[in-house]
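Everything below concerns the one structure shown next.
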Amino acid sequence: MAIEKNYHESTQLSYTLRLRELLKTLPPFAKDYFRAIEPTSSAKTRINYAYDIRVFFHFLMEENPVYRNYSMDQFRLEDLERVEPVDIEEYMEYLKAYVRTDDKELLTNQEKGLSRKMSALRSFYAYYFKRQAIEKNPTLLVDMPKLHEKAIVRLDADEVASLLEYVENCEFQLSGQALLYYKKTKERDLAIMTLLLGTGIRVSECVGLDLTDVDFKNNGITVTRKGGSQMVVYFGEEVEKVLRQYIEGSRSAIQPAAGHESALFLSTQRKRMGVQAIENMVKKYARQVTPHKKITPHKLRSTYGTALYKETGDIYLVADVLGHKDVNTTRKHYAAIDEDRRRKAASAVKLRED
């Protein structure tokens with residue numbers, strides 16, 4: 001019987017192999033940069049950066065007359081120095097709408113995508129500039145795109161209750177194949193939704209859970225955070241109840257596909273659920289309850305973080321539980337709640353008795 005390799009090890013191996021293939025589509029000198037950033041970045045980040053940097057070189061070949069007849073392997077470090085600040089500005093404009101070389105699909109970037117691609121390019125240039133492999137760094141002479149903070153979408157307390165109620169009892173609104181599918185996945189779906197709302201774990205952490213990661217003795221789950229570190233996240237009675245029902249009920253009745261025996265959450269194909277499957281499941285239920293809010297697993301995480309901060313007022317605790325390495329990340333997300341607390345503080349101290 002094939003025993004599944006540790007999910008996270010398998011994922012890392014997959015990313016490593018994917019990055020190797022991607023590096024073959026970049027200039028030869030790019031390997032030095034990706035080797036250097038490995039200790040301080042996740043494999044997924046490196047893959048995203050490789051795609052982003054490849055877009056930059058495709059831009060030069062498509063839009064810059066100097067590189068019009070270049071192939072990717074012809075680029076040398078001195079070509080980075082020949083790029084002027086105006087080229088970087090033109091690249092930022094290009095990123096707003098461009099045609100992908102592989103499949104001719106038109107791609108667009110909003111503020112966040114634009115910012116990430118420029119961050120990748122800045123980091124790329126900074127590596128060679130810092131090591132004196134190049135003498136010019138034109139990215140330092142160009143203002144980076146400004147990111148406007150968006151209001152955080154989260155569920156209100158009554159919406160959380162309505163959502164879980166719907167997941168648990170929506171069979172009366174279903175029929176045919178939809179009803180059959182719901183009955184088959186009800187315990188699993190309720191367990192996932194309650195777990196996300198009751199612990200604030202990331203969807204990537206959720207799909208990586210194994211049966212052995214659940215500890216009912218201490219009511220905790222061992223999750224593997226971004227970057228590979230492990231942490232025990234504790235859960236309350238509501239989460240315990242639905243997890244037990246699922247594990248002892250429909251999960252125990254399933255014969256997992258070979259290689260997926262250890263997975264906590266299984267698809268109807270009896271394989272470990274993926275990120276996309278859980279995202280689709282959350283959206284399916286949420287649109288029935290809160291049609292005007294686009295709810296994703298990350299929004300459920302924000303909902304948990306908000307509730308925890310309102311209850312405790314401890315930003316450091318929220319950061320720790322959510323797995324934020326920098327408390328400023330947490331503070332930025334929950335600044336609106338701080339504003340509300342400050343308003344209340346204005347009338348908390350009485351100067352004169354009425």
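All of these numbers come straight from a predicted model, not from anything done at the bench. For this chain, numbers begin at 1 and follow the sequence in order.
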So Pro27 and Met72, do their side chains get closer than 4.5 Å, heavy atoms only? yes
Under a 3.5 Å cutoff, is there a donor and acceptor pairing between the side chains of Tyr94 and Glu62? yes
Just wondering, more than 12 heavy atoms not from Tyr234 lying within 6.0 Å of its OH? no
For residues Arg301 and Gly200, report the shortest heavy-atom separation together with the two atoms involved. NH1-O, 2.6 Å
I'd like to know if Lys136 and Glu81 make a salt bridge, using a cut-off of under 4.0 Å between side-chain N and carboxylate O. no
Taking every non-hydrogen atom, the tightest pair across Leu22 and Ala50: CD1-CB, 3.9 Å
Indicate yes or no: at least one non-hydrogen side-chain atom of Glu21 is less than 4.5 angstrom from one of Leu17. no
Just checking Arg20: does its CZ atom have more than 12 heavy atoms from other residues, nucleotides or ligands closer to it than 6.0 angstrom? no
Between CZ on residue Arg46 and OH on residue Tyr15, distance to nearest 0.5 Å: 11.0 Å
If only side-chain N and O atoms count, and only distance matters, is there a donor-acceptor pair under 3.5 Å linking Arg154 with Ser302? no
How close do Val282 and Thr296 get, heavy atom to heavy atom, and via which atoms? CG1-C, 3.9 Å
Taking the basic N atoms (NZ, or NE/NH1/NH2) and the acidic carboxylate oxygens, is any pair closer than 4.0 Å for Arg244 and Glu240? yes
In the single-linkage hydrophobic clustering (I, L, V, M, F, W, Y; side-chain heavy atoms under 4.5 Å), do Val153 and Leu300 co-cluster? yes
Answer whether the closest heavy-atom distance between the side chains of Asp156 and Lys293 falls below 4.5 Å. yes
Rounded to the nearest 0.5 angstrom, the CE-CE distance for Met92 and Met118 is 5.0 Å
Output for pair (Thr303 OG1, His298 NE2), nearest 0.5 Å, gives 10.0 Å
Looking only at the side chains, is there a donor atom on one of Ser250 and Glu187 sitting less than 3.5 Å from an acceptor on the other? yes
Is there a path of hydrophobic side-chain contacts, each under 4.5 Å between heavy atoms, that joins Leu180 and Val167? no
Phe29 and Leu80: which non-hydrogen atoms are nearest, and at how many Å? CE1-CD1, 3.9 Å
Checking Gln74 side chain against Ser71 main chain: does a donor-acceptor pair fall under 3.5 Å? yes
Flag for Thr212-Asp210: side-chain donor and acceptor within less than 3.5 Å: no
Output the distance between atom CD1 (Ile192) and atom SG (Cys206), rounded to the nearest 0.5 Å. 5.5 Å
Answer whether the closest heavy-atom distance between the side chains of Leu264 and Tyr246 falls below 4.5 Å. yes
Would Arg225 and Glu205 pass as an ion pair if we require N to O under 4.0 Å? yes
Closest heavy-atom contact between Phe265 and Ala191? CE2-CB, 4.0 Å
Carboxylate-amine/guanidinium contact Glu238 Lys241, below 4.0 Å: no
Sub-6.0 Å ring centroid separation between Tyr67 and Phe75: yes
To the nearest 0.5 Å, what is the distance between CG on Leu23 and CZ on Arg35? 9.0 Å
Passes side-chain contact (heavy atoms from CB on, under 4.5 Å), Asn218 versus Val232? Steps please. CA-CA 10 Å; Asn218 297 297; Val232 175; over 6 Å; no
Heavy-atom distance under 4.5 Å between the side chains of Val242 and Leu164, does that happen here? no
Same cluster or not: Leu211 versus Val214, using hydrophobic residues (I, L, V, M, F, W, Y) connected whenever any side-chain heavy atoms lie under 4.5 Å apart? yes
Quick check: is Met281 connected to Leu266 through a chain of hydrophobic side chains (ILVMFWY, heavy atoms under 4.5 Å apart)? no
State, to 0.1 Å, how close Asp189 and Lys284 come at their nearest heavy-atom pair, and which atoms those are. OD2-NZ, 4.3 Å
Between Leu197 and Tyr304, is a side-chain contact (heavy atoms from CB on, under 4.5 Å) present by the stated rule, with each step listed? CA-CA 6 Å; Leu197 282 163; Tyr304 172 80; 6.0 Å; no
Paired with Tyr91, the ring-ring contact (aromatic ring centres under 6.0 Å, His included) test is passed by just one of Tyr125, Phe57, Phe59, namely Phe59
Does Arg100 reach the main-chain N or O of Val55 with its side chain, forming a donor-acceptor pair under 3.5 Å? no
Answer yes or no: is there a side-chain heavy-atom contact under 4.5 Å between Val289 and Ile295? no
Taking the six-membered ring where the residue is Trp, are the ring centres of Phe124 and Phe56 under 6.0 Å apart? no
Below 4.0 angstrom, N of the basic side chain to O of the carboxylate: do Arg76 and Asp79 qualify? no
Gap between atom OG of Ser14 and atom CD1 of Ile47 - 0.5 Å precision: 7.0 Å
Same cluster or not: Leu322 versus Tyr316, using hydrophobic residues (I, L, V, M, F, W, Y) connected whenever any side-chain heavy atoms lie under 4.5 Å apart? yes
Side-chain heavy atoms of Cys170 within contact of Tyr285, under 4.5 Å: yes
Answer yes or no: does atom CG of Asn69 have more than 12 heavy-atom neighbours from other residues, nucleotides or ligands under 6.0 Å? no
Heavy-atom count around Asp158 CG within 6.0 Å, excluding the residue itself: above 12? yes
Within the distance-only criterion (no hydrogens, no angle test), does the side chain of Thr194 pair as donor or acceptor with the backbone N or O of Leu190 below 3.5 angstrom? yes
Answer yes or no: are there more than 12 heavy-atom neighbours, outside Gln177 itself, under 6.0 Å from its atom CD? no
Do the non-hydrogen side-chain atoms of Val83 and Ile88 ever get within less than 4.5 Å of each other? yes
Verify whether one side chain among Tyr33 and Ser123 offers a donor that lies under 3.5 Å from an acceptor in the other. yes
Is Thr185 reaching over with its side chain to a backbone N or O of Arg188, donor-acceptor style, under 3.5 angstrom? no
